[in-house]
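Everything on this sheet refers to the single structure shown next.
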Amino acid sequence: VISTISGYIGGTKKNPTYEQVSAGSTGHAEAIQITYDPKKISYEKLLEVCWRNIDPLTSNAQFCDSGSQYRSAIFYHDETQKTLAEASKKSLQDRFKQPIVTEIVRASEFYPAEDYHQDYYKKNPIRYKVYRYGCGRDQRLQELWGAKKK
């Protein structure tokens with residue numbers, strides 16, 4: 001992976017702010033934009049990593065955050081990405097009794113989040129760990145996907 005940028009996608013407001021997105025009034029989802037070298041990592045591998053870091057069974061929420069801005073989604077840029085994302089979703093469905101609700105939708109304009117949101121976990125490691133634990137993120141991911149491979 002060459003870079004990741006935190007931001008917002010899938011809504012109607014131009015240049016939304018964190019406050020607007022987190023209030024749920026723009027239609028955007030909080031997301032990351034990934035730039036990668038396909039010679040070093042495949043799109044399929046990125047999808048695998050993505051799935052194992054989200055709760056694909058809960059609509060309009062991720063862990064303790066709720067609202068459509070926290071919906072799980074894969075935003076594709078071309079038909080190949082769409083086909084691969086849909087195939088990966090279908091291949092995972094047998095693992096669960098509930099339907100996977102993660103959306104697979106065409107990417108619209110992506111707006112980078114404010115600087116203080118970029119690499120938040122690095123800039124605020126203690127606060128991030130407390131948030132992550134308090135939200136039950138790791139516990140839910142283990143419940144869904146099993147223990148992390150080392």
Side-chain angles (χ1 to χ4, degrees), residues 1-38 40-89 92-93 96 98-145 148:
V1 171
I2 297 166
S3 67
T4 58
I5 301 172
S6 298
Y8 322 115
I9 191 170
T12 56
K13 181 158 181 56
K14 295 234 179 256
N15 300 308
T17 65
Y18 173 73
E19 288 76 19
Q20 293 166 332
V21 173
S22 65
S25 62
T26 68
H28 289 88
E30 290 190 9
I32 58 168
Q33 180 174 277
I34 300 169
T35 303
Y36 69 102
D37 180 348
K40 295 184 179 180
I41 187 168
S42 68
Y43 187 70
E44 294 92 336
K45 181 63 176 173
L46 291 175
L47 288 168
E48 182 183 320
V49 171
C50 173
W51 288 116
R52 281 164 176 68
N53 282 281
I54 63 169
D55 177 347
L57 306 180
T58 304
S59 183
N60 290 329
Q62 282 298 293
F63 316 108
C64 66
D65 294 317
S66 62
S68 66
Q69 66 273 33
Y70 301 108
R71 66 191 180 272
S72 65
I74 296 170
F75 294 92
Y76 64 87
H77 293 274
D78 59 39
E79 289 303 309
T80 299
Q81 286 183 350
K82 177 183 180 183
T83 299
L84 292 170
E86 288 175 343
S88 71
K89 179 178 177 178
L92 290 171
Q93 184 57 70
F96 305 109
Q98 294 173 254
I100 292 175
V101 297
T102 300
E103 301 172 6
I104 298 174
V105 292
R106 178 167 290 284
S108 57
E109 188 164 1
F110 179 86
Y111 297 96
E114 297 81 350
D115 285 343
Y116 69 93
H117 280 290
Q118 305 303 328
D119 297 318
Y120 184 85
Y121 72 103
K122 288 180 184 176
K123 294 175 184 174
N124 302 282
I126 294 171
R127 179 177 256 170
Y128 178 72
K129 285 178 185 175
V130 169
Y131 164 80
R132 187 174 169 142
Y133 181 79
C135 275
R137 182 183 190 279
D138 295 331
Q139 301 90 320
R140 177 66 173 156
L141 291 176
Q142 185 168 345
E143 178 185 323
L144 290 166
W145 304 105
K148 254 191 170 173

Next item on the list: List for me each residue that meets ring-ring contact (aromatic ring centres under 6.0 Å, His included) alongside Tyr18, sequence neighbours excluded, and say none if there are none.
Entry: His117
Item checked: Contacts of Thr83 that satisfy side chain to side chain contact (heavy atoms under 4.5 Å, CB included) - sequence neighbours left out -> none
Next item on the list: Please identify each residue that fulfils ring-ring contact (aromatic ring centres under 6.0 Å, His included) with Trp51, with sequence neighbours left out.
Entry: none
Notebook entry, point to check: Atom CG in Leu46, atom CD in Glu44: separation rounded to 0.5 Å?
Noted result: 9.0 Å
Check: Which pair of non-hydrogen atoms, one from Ser42 and one from Tyr36, has the smallest distance, and what is that distance?
Finding: C-CE1, 4.4 Å
Checklist line | Nearest atoms (heavy-atom pairs only) where Thr102 meets Lys89 | finding: O-NZ, 2.7 Å
Note to self: So for atom CG, which belongs to Asp78, do other residues, nucleotides or ligands contribute more than 12 heavy atoms lying within a distance under 6.0 Å?
What the structure shows: yes
Item checked: Under 3.5 Å: donor-acceptor pair, side chain of Gln69, backbone of Ser22 -> yes
Next item on the list: List the steps and the verdict of side-chain contact (heavy atoms from CB on, under 4.5 Å) for Gln62 and Ser72.
Entry: CA-CA 7 Å; Gln62 282 298 293; Ser72 65; 3.7 Å; yes
Note to self: Suppose we screen for salt bridge (charged side-chain N to carboxylate O under 4.0 Å, His left out). Which residues come up paired with Glu19, at least two apart in sequence or across chains?
What the structure shows: none
Item checked: For Lys82 against Ile104, the heavy-atom pair lying closest together -> O-CG2, 4.5 Å
Margin query: For Tyr128, I'd like to know if atom OH has over 12 heavy atoms of other residues, nucleotides or ligands within 6.0 Å.
Written below: yes
Check: Is there a side-chain contact (heavy atoms from CB on, under 4.5 Å) between His28 and Gln20 once you walk through the steps?
Finding: CA-CA 9 Å; His28 289 88; Gln20 293 166 332; over 6 Å; no
Checklist line | Gap separating the OG atom of Ser66 from the CG atom of Asn60, nearest 0.5 angstrom | finding: 9.0 Å
Margin query: With a 4.5 Å cut-off on side-chain heavy atoms, are Ser108 and Phe75 touching?
Written below: no
Next item on the list: Quick one: pull up NZ in Lys45 and SG in Cys50 and give me the separation to the nearest 0.5 Å.
Entry: 12.5 Å
Notebook entry, point to check: What pairs of residues pass the salt bridge (charged side-chain N to carboxylate O under 4.0 Å, His left out) test when at least one of them lies in residues 123-143, not counting sequence neighbours?
Noted result: Asp55-Arg140, Arg132-Asp138, Arg140-Glu143
Item checked: Gln93 side chain vs Gln98 backbone, donor-acceptor pair below 3.5 Å -> yes
Next item on the list: Work out which heavy atom in Phe110 is nearest to a heavy atom in Ser6; give both atom names and the distance.
Entry: CZ-C, 3.8 Å
Check: When rounded to the nearest 0.5 angstrom, what distance separates OG1 in Thr4 from CG in Asp119?
Finding: 6.0 Å
Next item on the list: Assess whether side-chain contact (heavy atoms from CB on, under 4.5 Å) is satisfied between Asn53 and Trp145, documenting all intermediate values.
Entry: CA-CA 9 Å; Asn53 282 281; Trp145 304 105; over 6 Å; no
Note to self: Go through it in stages, so that I can follow the logic: the residues are Leu57 and Val101, the test is side-chain contact (heavy atoms from CB on, under 4.5 Å), and I'd like the CA-CA distance, side-chain angles, deciding distance and then a yes or no.
What the structure shows: CA-CA 5 Å; Leu57 306 180; Val101 297; 5.7 Å; no
Checklist line | Side-chain heavy-atom pair Leu144, Phe96 within 4.5 angstrom cut-off | finding: yes
Item checked: Any residue meeting ring-ring contact (aromatic ring centres under 6.0 Å, His included) with Tyr120, in chain and number order, not counting sequence neighbours -> none
Check: About how many Å separate CD of Gln81 and CD1 of Ile74, when rounded to the nearest 0.5 Å?
Finding: 10.0 Å
Next item on the list: Indicate the atoms forming the closest heavy-atom contact of Tyr131 with Cys64, along with that distance.
Entry: CE1-SG, 4.2 Å
Notebook entry, point to check: Taking Gln118 for the side chain and Ile5 for the main chain, is one N or O donor matched with an acceptor at less than 3.5 Å?
Noted result: no
Next item on the list: Could you grab the distance from atom NE2 of His77 to atom CZ of Arg106, nearest 0.5 Å is fine?
Entry: 9.5 Å
Next item on the list: Inspect the surroundings of CD1 in Ile2 and state if more than 12 heavy atoms from other residues, nucleotides or ligands are less than 6.0 Å away.
Entry: yes
